[in-house]
Amino acid sequence: MTGPAPTAVVDARGRIKRKLRVSLTDRCNLRCHYCMPEHPRWLPRAELMSNAELLRLVGLFVRTLGITELRLTGGEPLLRADVPALVSELGALRSEGLQRIALTSNGVRLAPVAQALLDAGLDDLNVSLDSITPAVFTALTRGQIEPVLQGIEAAMAAGLPLKLNSVVIKGANEGEVLPLMQWAKARGLPLRFIEFMPLDGRQGWANDKVVTEDEIIAHLAPHHRLEKLPRSSDPATYYRVDGDYRIGVISTISKPFCASCDRLRLDARGRLYTCLFSAVETDLLTPLRAGASDAELLALIRTAVWNKPAGYAEQPGYVERPITMHHLGG
Ligand code: SAM
Ligand code: SF4
């Protein structure tokens, strides 16, 4: 590592931050109803961080603030040109303490770039797949499942470490829990189910639409032998299935893990969100463009992180704020 060792960035509740999620764009080629408003209004391109601006901010988080894990997200990150080149440039931060570069994608545009992402040094890829039944997939996303399955196949063929993420919503894809798990298990693909969070921006969320961890497990238990594994610092609770496979459940709503949250989020406009459920943002890009020094940007970041709210656990319910999941990145 070059330069002085980073100083951990910590909030007033003592939670040290290690992970940063960066949204590359708010745009998307799907329209998952749980994620974005009916008629999304895309941000003007000039307001999005350039690669150089993104690299400068991420560099500060890694070099000076001790962030070790980075996840690129969106919107759909693969809509942005040259993601492999960006991954490769971010790789230079490995000598400054960065340990992992990951990406979350809907998989639609994955097939042609899977090999290039691996070659660029991507460590870990999450693909969202909420259904394995074409009609249910289309009802949820307004897109086609075929390119996503091709993307998954291409990533597996390239040897990219791959996980599937699946949001489960009552009345929409609850019936997919078992077939999805069996499909993923047959391919040896790790799968995590995610509880529906109140971040859709169209008031579609309600507590009774959340399929909780216990309910997800109840769908699987009559058909498979499940064994709950001890919890780690990972946000998911893991279960061994039939002794030779593992699924996770991210139970943000029914069993929030805010007390151990080690994440920060940067939206595509370079605004820092210290909590997925917070309405407070700290604009880093405007000062950066106005010539702020690293010390000035770091002071803004440290203050924002210090004031990170307790999280969903203390303020459950619908989140009223100007940006939704597709803008901030899950
Ligand atoms: N477009 C990419 C994708 O779909 O993977 C990356 C961005 S998407 C916002 C990241 C993750 O957030 C996806 O796994 C998606 O399923 C999840 N997500 C979006 N809205 C959600 C919600 N309301 N509740 C829970 N998860 C949500
Ligand atoms: Fe797009 Fe991902 Fe949101 Fe679906 S979950 S609308 S793919 S950003």
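Every number for a ligand or one of its atoms is a count from 1 in the order of the listing. None of these values were measured; they are calculated from a predicted model. Side chains are part of it too, since the values below use all heavy atoms of this structure and drop only hydrogens, waters and symmetry mates.
Backbone and side-chain nitrogen or oxygen atoms of T73 are examined, and none is located within less than 3.5 angstrom of a nitrogen or oxygen of ligand 1. Ligand 1 has a nitrogen or oxygen under 3.5 angstrom from a nitrogen or oxygen of Y34.
Residue-level proximity to ligand 1 for T104 is carried by backbone and side chain together, each with a heavy atom below 4.0 angstrom.
A side chain to side chain donor-acceptor pair (under 3.5 Å) with Y239 is found for exactly one of R225, R246, E213, namely E213.
When all heavy atoms of L180 and L129 are compared, the closest pair comes out as CD1-O, 3.6 Å.
Ion pairing between E195 and K255 fails under the 4.0 Å rule for side-chain N and carboxylate O. The residues D294 and R56 are annotated as salt-bridged, a charged nitrogen and a carboxylate oxygen being separated by less than 4.0 angstrom.
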R269 and D283: salt bridge (charged side-chain N to carboxylate O under 4.0 Å, His left out), yes or no, with the steps?
-> CA-CA 8 Å; R269 280 188 294 184; D283 183 1; over 6 Å; no
Before giving the answer on salt bridge (charged side-chain N to carboxylate O under 4.0 Å, His left out), spell out for K170 and D208 the whole-Å C-alpha distance, their side-chain angles and the decisive distance to 0.1 Å.
-> CA-CA 7 Å; K170 220 160 261 183; D208 60 9; over 6 Å; no
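Comparing heavy-atom distances from atom 3 (C) of ligand 1 across G75, S23, S128, G107 singles out S128 as nearest. Within the set E76, M197, R192, the minimum heavy-atom distance to atom 24 (N) of ligand 1 is found for M197.
Near S105, meaning under 4.0 Å from one of its heavy atoms, ligand 1 places the atoms 2 (C), 3 (C), 5 (O). Within ligand 1, the atoms closer than 4.0 Å to a non-hydrogen atom of V167 are 16 (O), 25 (C), 26 (N), 27 (C), numbered from 1 in the order shown. When each atom of ligand 1 is checked for a heavy atom of G74 under 4.0 Å away, the hits are 7 (C), 9 (C). Every atom of ligand 1 is numbered from 1 in the order shown, and the set under 4.0 Å from a heavy atom of F196 is 23 (N), 24 (N). Heavy-atom proximity to G75, at under 4.0 Å, picks out these atoms of ligand 2: 8 (S).
Side chains of R15 and S260: a donor-acceptor N/O pair is absent below 3.5 angstrom, by distance only.
R80 is linked by a salt bridge (Lys or Arg N to Asp or Glu O under 4.0 Å) to nothing, counting only residues two or more places apart in sequence or in another chain. Scanning for side chain to side chain donor-acceptor pair (under 3.5 Å) contacts around E76 gives S105, N106, with sequence neighbours left out.
Counting only residues at least two apart or on different chains, no side-chain hydrogen bond (donor to acceptor under 3.5 Å, both in side chains) pair has a member in residues 134-147.
M36 does not count as a contact of ligand 1, since none of its heavy atoms falls under 4.0 Å from the ligand.
Side chain of W205 to main chain of L199: no donor-acceptor pair is present (N/O by atom type, distance under 3.5 Å, no hydrogens or angles).
Taking a cut-off of 2.8 Å, the protein N, O or S atoms nearer than that to atom 4 (Fe) of ligand 2 are C32 SG.
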